[in-house]
Structure formats: C-alpha cells, structure tokens
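Here's the structure we're looking at; comments come further down.
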There are 2 protein chains.
Amino acid sequence: MSQLPEQSSPQSSPQPSPRRSEPPAERPRRTAGPPVPTSADVARLAGVSRATVSYVLNNTSAVRISEPTRRKVREAAEELAYVPHAAARSLRAGHTRIVLLPTAHVPVGPLYSRFLDELQWALRRLDYTVVQYGSLGLDGDEAARAWAELRPVAVVSLGEIALTPQGVEILKRSGAKAVITLGPRRVEGAHALVMDQREIGGRAVEHLLERGRRRIGVVMPEEPGLDLFSEPRLAGARAAVTASSTGAHVEPLPLSYTEESAARLAARWDGLGLDAVYAYNDEYAMLLMRALQDAGIAVPGDTAVLGADDLLLGRLLRPRLSTVRIDLVTGQRLAALVDRVVRDPGGEPERHDLMGARAVRREST
Amino acid sequence: MSQLPEQSSPQSSPQPSPRRSEPPAERPRRTAGPPVPTSADVARLAGVSRATVSYVLNNTSAVRISEPTRRKVREAAEELAYVPHAAARSLRAGHTRIVLLPTAHVPVGPLYSRFLDELQWALRRLDYTVVQYGSLGLDGDEAARAWAELRPVAVVSLGEIALTPQGVEILKRSGAKAVITLGPRRVEGAHALVMDQREIGGRAVEHLLERGRRRIGVVMPEEPGLDLFSEPRLAGARAAVTASSTGAHVEPLPLSYTEESAARLAARWDGLGLDAVYAYNDEYAMLLMRALQDAGIAVPGDTAVLGADDLLLGRLLRPRLSTVRIDLVTGQRLAALVDRVVRDPGGEPERHDLMGARAVRREST
DNA sequence: TTGAAAGCGATACCAG
DNA sequence: CTGGTATCGCTTTCAA
C-alpha cells in the first residue's frame with residue numbers, strides 16, 4: 001500500500017523500551033493513494049528533528065539554525081513537496097487567520113465584484129486567509145454553526161444571508177474576534193458595520209422630487225434574496241417623501257426580471273397615475289424603460305425613470321438612464337477595519353457609514 | 001491588558017510540590033475573550049466522558065447510548081453553544097470534505113453566477129463543504145500550495161487562476177482526490193474537465209458566415225483576466241473560417257470596456273472594411289453597437305454585430321442584439337462528477353464537454 | 001544549535 | 001453501554 005520505505009515499518013528504528021503498547025502497524029486511515037508527507041517525513045529525510053523543520057520553515061527568529069541545516073531541510077521539503085497542514089497548525093496555535101465571507105448568491109453587479117476583489121486582496125496583504133463559504137440554502141443559525149466550525153477569526157457578512165443575533169453569539173463564542181455585517185440589515189447583536197441601503201432610496205426620491213415629480217413608483221424586484229436590499233431602499237424612499245413634506249406619494253411596484261413582467265406593468269401604467277419611477281437598479285430600470293417606451297409612454301416626458309449603480313450600459317439607451325451612483329467603501333478600508341477589530345475586539349459595536357450615494361442626472365429624469 | 005482574573009498574574013499561585021511540573025496556570029493561547037467550549041467541557045457539564053459526547057453528537061450507530069444520557073449531552077452542548085472544531089476533526093479523520101473553488105475575480109455575468117450557485121448547492125447536498133478561496137494576486141504554484149494547506153478533497157478551478165501541472169501535482173500529493181479544471185485551458189497534468197471556449201467563437205463566426213458576411217472583426221477585451229476566455233474564442237473563430245473555405249477574413253479588435261475606447265474603434269471603422277463583428281459577449285457588443293450607430297454606421301446594414309451570453313438587456317436595444325447562447329453544464333451535473341471522481345480517483349483524466357453553444361439571431365445580424 | 005515531549009480538540013479503538 | 005486513551009500534524013517550551 002505504502003511505497004515509501006520509511007513508512008513501511010514505523011517501528012523499525014529500535015526503541016529501547018517502549019513503555020506504551022505497540023500499535024499493530026495499521027494506519028490505512030487515508031482511503032488510499034500515496035501518503036501525504038508530514039513535517040516528520042521532512043525531518044527524517046533531512047536527518048533532523050521535527051522541531052528543527054518547524055523552525056526552518058517558519059523562519060523562527062528566536063532560534064538560530066545553521067545554514068547547512070536550513071538548506072538540508074528546505075531541500076527535503078522541496079523534494080517531498082511538503083505542504084504544512086493548516087488544520088494541525090491552527091489547532092496547535094489555538095486560532096486561525098481565516099476571514100470568512102459567507103456567500104449565498106454571488107453578489108450581482110460589477111460594483112460589488114470589484115469591491116469583493118479589493119477586499120480579498122487587501123485582507124490577504126494583511127496576512128489573512130480569505131474564505132468564501134458557500135451558504136446557499138442554510139438558515140441563520142444553521143449557517144452560523146457551520147461557519148463557526150472553521151473557527152474564523154472574523155466573519156464579514158455581505159448581507160445575503162440573514163445573520164441573527166444568536167448567530168452572532170455563536171460565532172463570537174466560537175472565537176470570532178470580529179463579526180461584521182456589511183449590508184442592508186441594521187446592527188446585529190454585535191460588532192457590525194452598516195451599509196445603509198435606505199440612503200439609496202432616499203437619494204433617488206429626493207432627486208425625483210427636485211425634478212418636480214410627485215407620484216413616484218418604486219420597483220420591488222420579485223427575485224429572491226433581493227428583498228434584503230429592496231426593502232430598505234423602499235423605506236428610505238418613504239422617509240425622504242415624508243421629510244420633504246411635499247405630500248408626494250410612493251407606490252411599490254412588484255416586478256420580476258423578465259420582459260413579460262415589465263410589459264404587464266407597462267400595460268397598466270396609465271391606471272397607476274405615476275409620473276416617476278425609481279426602478280431599484282439600472283438593470284430593472286433599463287428593462288422597465290424599454291417596456292414603457294414600447295407601450296407608448298414617453299420617458300422622461302410622461303414618466304421619469306431612475307436606476308441605480310451607474311452601469312455603463314445605462315448610457316447606451318436613449319434617453320440615457322439617470323441613476324443613483326453608489327460609492328462603496330473601498331475594500332482596502334474595510335480590510336483595515338476588520339484588522340483593527342480583530343486586534344482590539346473590545347470596542348463597542350460601531351456603526352460606520354460605508355456607502356455614499358448621489359443621484360446622477362442623465363436624460364431619463 | 002487582560003481583564004480576566006486568572007490571567008492577571010500568571011505566576012502568582014505558589015506551587016506546593018507538584019509531582020509533575022505543574023503548568024503554571026498559564027494558557028493565554030487565545031489572546032483573550034471567553035474560552036471556546038470543547039467537547040471536554042460538554043462532557044464535564046453532562047457528567048460523561050468525551051467519548052460519549054462524541055458518540056451522541058455524531059449519532060454513531062455502532063454504539064448504543066441510553067436516551068437520558070443522550071439528552072443530558074445534547075442539553076449540555078446546547079447550553080454551552082458547543083460547536084465542533086473542524087480542524088481537530090479533520091486532523092483526526094485524516095481527510096476533509098472540503099471542495100475548494102479558487103476565485104480570483106468573482107466571475108462576471110448572470111450565467112456564471114447561476115452556475116456557481118447551483119454547483120455550491122448541489123455539492124452541499126452531497127455533504128461537501130464548499131469553500132471559495134480568494135486567490136487574487138497569487139501565481140500558480142504559490143496558489144496551489146496555499147490551497148493544499150487546507151487539504152481539500154477536491155479542487156474545482158473555474159479557470160481564473162492559471163493552474164500549472166506542478167500545481168496539480170502539489171494538490172494531489174497533498175491528498176486532493178480530484179483536481180478539476182473547468183475552463184478554457186486544456187487538460188492539465190491531471191483530472192480535468194474542459195469547457196471549450198473555442199466553440200463559442202466558432203458558432204459566432206459560422207452564424208456570421210451564414211448571414212453572408214466575409215470580413216469579420218473579433219473583439220478582444222483589454223480587461224485583465226479575460227484573455228483566458230477571449231483567446232480561445234478567437235482561435236475558434238479562426239478555425240471556423242478556415243473550415244468554411246469561404247476565404248473569409250478574421251480581424252482581432254482590441255477594445256476596453258469604456259465608451260471612449262468604443263468611440264475610438266468606431267471612428268476608424270470605415271478604414272477597417274469589416275462587414276461584421278463578433279464582440280466577445282453581449283456587454284461589449286452593446287457598447288460597440290451604440291458607438292457604431294453614433295458614428296453613423298448602420299447595424300446590421302453596414303455591419304452585423306453579434307454578442308454572446310444572451311443577456312436580457314441585449315433585447316432592449318434596437319436593433320435587438322443577436323447573440324451566442326451558451327448552455328453551461330448544470331451545477332448539479334458537475335457536482336455529481338466531482339463526487340464520482342472523489343470516490344474513484346483512479347480513472348484517467350477525462351475530457352467532458354461541458355458546454356454547448358448556438359447562435360440566436362435577433363435583429364443585429 | 002538541536003532534540004524530546006507536551007499538548008491543541010475530536011474520534012475510535014478496546015477494556016471494563 | 002460507557003470510559004480511558006492513543007492518535008492525527010504541528011508548534012513551542014525545556015533540556016541537553
């Protein structure tokens with residue numbers, strides 16, 4: 001089974017007087033395949049102790065190892081293609097450097113993608129191991145428990161999975177120094193950073209009010225998972241109307257991302273008596289705008305259409321799509337924040353505004 | 001620094017006469033915070049042994065535990081919010097159920113997103129732990145080593161990170177049962193499934209030839225990372241031209257995803273003498289089509305424009321965008337494949353065609 | 001400068 | 001039916 005000579009007889013090197021009962025030479029734990037080299041294998045090949053191997057490979061500064069020894073160890077490691085076992089290491093260390101990012105859906109949109117890329121890159125530079133944990137179809141506590149098994153030092157929830165206060169508690173008790181919500185949800189039972197989606201809805205409505213519109217539709221995507229974003233945006237829209245004391249009206253408009261759904265909505269548009277619509281984001285806005293135009297409704301003449309995300313594609317339509325531009329925090333800044341919280345978990349849950357939003361008028365409003 | 005009483009003075013308690021050198025009450029391994037409960041804690045609270053705890057919590061069938069004991073254990077676990085330590089478990093077990101998906105960029109496009117969601121979901125149902133490992137800015141072997149540290153049972157590379165034959169070797173020697181490339185690259189040194197991007201370019205050109213076009217531009221995105229996809233698509237386009245023996249011509253057209261770049265390309269369009277363009281995907285196609293129209297070039301009159309991915313948004317432009325529809329393998333099928341290879345790693349590296357592509361004519365060609 | 005050995009947490013043997 | 005206990009791979013004192 002094992003082809004490595006030194007594995008064939010574990011007790012070949014005569015042990016003067018084995019106090020403990022000799023295990024009967026059976027170790028077929030690994031279902032098959034060549035055995036994975038361990039630091040002990042490296043030590044054996046290099047003719048040194050495991051401790052020395054560890055010192056060399058980790059460049060331990062507290063200890064001086066002769067250069068020849070170092071080379072022998074490195075060469076042995078190279079030859080065996082030795083890769084340290086992260087689980088064993090972190091078990092021993094008592095902690096990991098894992099930053100866990102739960103993901104349900106891969107977040108949509110180039111904005112989010114870029115942000116994620118930045119975040120990962122910055123965290124890696126801070127020597128964290130970034131792990132996105134696929135959590136599709138797990139509910140709150142179930143998910144939290146699954147994440148906790150990995151003993152991450154930090155969890156940055158992008159908001160696609162509902163993180164409950166109990167979930168946060170589970171994570172913290174499993175050793176997570178930082179649990180950070182980055183999304184539409186309010187602060188949970190613990191450390192959390194808020195990316196307030198309401199601001200987007202607010203800016204959208206303010207813009208439409210400035211343009212003189214008073215009966216405002218707000219598109220609510222029917223796709224699952226998006227309500228975490230769309231609900232707060234609607235709330236923000238409502239708040240903005242109230243604050244404006246213009247007596248304007250906000251009307252939620254369910255819409256799914258298909259041409260049929262858009263056409264159906266457009267068909268009953270006249271009956272709705274709206275003079276503007278904030279369409280959740282640019283994609284829904286483009287879809288709806290086309291449907292409205294096809295139904296003979298003039299944009300922005302009869303109805304203003306406003307998106308969000310400032311996609312390049314929105315500029316390709318005629319009229320060019322007005323939008324709410326979202327300035328996300330840079331991944332680098334968030335990474336720094338994660339690092340700070342990890343190093344000093346004591347602080348109170350802070351509320352950071354990680355997002356700015358402002359309307360960009362083009363031609364559709 | 002630490003506010004925990006037992007931490008305040010490590011050597012304060014006088015040591016009477018310990019038989020063994022008493023570890024001086026110091027275990028500040030965990031930098032601070034409440035200690036994470038272990039199965040030993042659960043055992044203590046429940047008044048049983050750790051073994052029993054393990055049996056109960058894992059529903060070990062080979063052993064019968066009385067119902068009262070079970071309840072005690074469960075309650076203790078609940079009370080302590082006990083979560084098993086994945087590292088310890090897999091260390092003991094000698095293997096993990098981790099399927100590692102390296103990610104550099106979050107893949108763009110709804111097609112890919114849906115596919116990833118499906119894959120994750122299906123793998124979870126097969127009881128794998130899906131981990132996306134952020135690998136931005138790691139080169140081949142470096143990345144492979146980092147992945148290998150987690151001892152994944154399988155690695156499914158979506159093709160954003162260049163996986164070298166050595167990388168594959170490293171992974172396999174670290175115990176990975178299945179290493180699967182799913183992308184434009186050819187089969188590596190090991191198990192690999194091929195998603196041949198050339199087919200897309202091929203279908204695109206065939207469609208344009210059928211429509212009577214002979215001088216065909218092929219957009220090559222200048223964005224980094226995309227060349228892994230665009231190069232094979234171009235190769236496929238060339239192959240299709242050759243196979244057709246129409247004497248048609250293919251012209252690569254560098255383009256970056258900005259209006260300026262598109263405008264610049266459109267400005268020199270007449271000089272290029274092309275009567276069709278396959279624009280990599282729908283997004284680039286939409287961008288270019290608008291630029292061409294703004295430059296007074298008729299689509300499809302003067303030039304046919306073809307995208308790929310069949311995005312909904314392509315139908316919103318006028319003329320509606322023709323496209324190459326890509327039928328990706330379902331995540332479920334790939335998950336099953338992963339599972340099969342994991343269970344029987346012996347088989348030869350297979351080459352599966354995981355993708356179909358066909359042109360969909362709308363109005364732009 | 002190097003080596004021996006104690007554990008980190010969970011599991012699965014083998015006695016009782 | 002339950003409880004010791006050896007073990008996985010690695011780091012880190014402590015001794016030599």
Side-chain angles (χ1 to χ4, degrees), chain A residues 10 15-16 18-24 26-30 35-44 46-70 72-73 77 82-96 149-151 174-175, chain B residues 20-24 26-27 29-30 35-44 46-70 72-73 77 82-96 149-151 174-175:
Chain A
Q15 296 171 14
R19 281 174 302 149
R20 308 187 173 288
S21 61
E22 206 93 316
E26 44 98 3
R27 301 204 332 189
R29 184 101 51 200
R30 282 184 183 74
V36 178
T38 73
S39 79
D41 295 321
V42 176
R44 211 169 302 129
V48 299
S49 77
R50 279 153 58 225
T52 308
V53 171
S54 177
Y55 290 142
V56 171
L57 296 180
N58 293 314
N59 283 315
T60 308
S61 51
V63 97
R64 293 236 175 300
I65 307 280
S66 70
E67 199 45 53
T69 306
R70 299 186 101 88
K72 272 194 307 188
V73 170
Y82 168 71
V83 175
H85 193 308
R89 175 178 294 186
S90 64
L91 183 56
R92 167 67 215 212
H95 60 94
T96 70
E149 290 193 356
L150 296 184
R151 297 289 189 271
S174 82
Chain B
R20 310 182 166 283
S21 59
E22 201 97 316
E26 46 98 5
R27 299 205 333 191
R29 186 100 52 198
R30 285 186 180 73
V36 178
T38 72
S39 78
D41 296 322
V42 176
R44 211 170 303 129
V48 299
S49 75
R50 279 152 63 227
T52 307
V53 170
S54 177
Y55 291 142
V56 172
L57 266 43
N58 294 313
N59 284 314
T60 307
S61 50
V63 99
R64 291 227 180 305
I65 307 281
S66 70
E67 199 43 54
T69 305
R70 301 186 99 87
K72 271 193 306 185
V73 170
Y82 169 71
V83 176
H85 193 308
R89 182 184 303 215
S90 64
L91 181 56
R92 168 65 215 213
H95 63 253
T96 70
E149 290 192 358
L150 296 184
R151 297 289 189 272
S174 81

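None of the values given here were measured: they were computed from a predicted structure. Order of the sequence lines sets the chain letters (A, B, ...), proteins ahead of strands, with each chain counted from 1.
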Nearest whole angstrom, please: distance from the P of D/dC10 to the CG of B/L91.
9 Å
Between A/V48 and A/A88, which has a closest nucleotide on DNA chain C that is more 5'?
A/V48
Main-chain N/O of A/I65 paired with A/R70 side-chain donor or acceptor, under 3.5 Å
yes
Using whole Å, what does the distance between atom C1' of nucleotide C/dA6 and atom CZ of A/R50 come to?
11 Å
Spell out yes or no: do the side chain of A/R89 and the base of D/dT11 have one donor N/O and one acceptor N/O closer than 3.5 Å?
no
Protein-nucleic acid N or O pairs under 3.5 Å, nucleotides 13-16 of chain D:
from	atom 1	to	atom 2	distance (Å)
D/dT13	O4	A/Y55	OH	3.4

Taking only residues two or more places apart in sequence, or in another chain, which ones meet B/S66 in a side-chain hydrogen bond (donor to acceptor under 3.5 Å, both in side chains)?
B/T69
Sequence neighbours left out, cut at 3.5 Å: what donor-acceptor pairs do the side chains of residues 50-61 of chain A make with other protein atoms?
from	atom 1	to	atom 2	distance (Å)
A/T52	OG1	A/S49	OG	3.1
A/S54	OG	A/N58	ND2	3.3
A/N58	ND2	A/S54	O	3.1

Nearest whole Å is fine: how far is D/dC10 C1' from A/R92 CZ?
8 Å
Contact check, residues 57-70 of chain A vs DNA chain D, heavy-atom distance under 4.0 Å, returns A/N58
Mind running side chain to side chain contact (heavy atoms under 4.5 Å, CB included) on B/R44 and B/D41 for me, showing each step along the way?
CA-CA 5 Å; B/R44 211 170 303 129; B/D41 296 322; 3.1 Å; yes
Just how large is the angle between the end axes of the helix from C/dT1-D/dA16 to C/dG16-D/dC1, five pairs per end, to 10 degrees?
50°
B/H85 NE2 to C/dG7 P, straight-line distance once rounded to whole Å
18 Å
In whole angstroms, how far is the P atom of D/dG9 from the OH atom of A/Y82?
10 Å
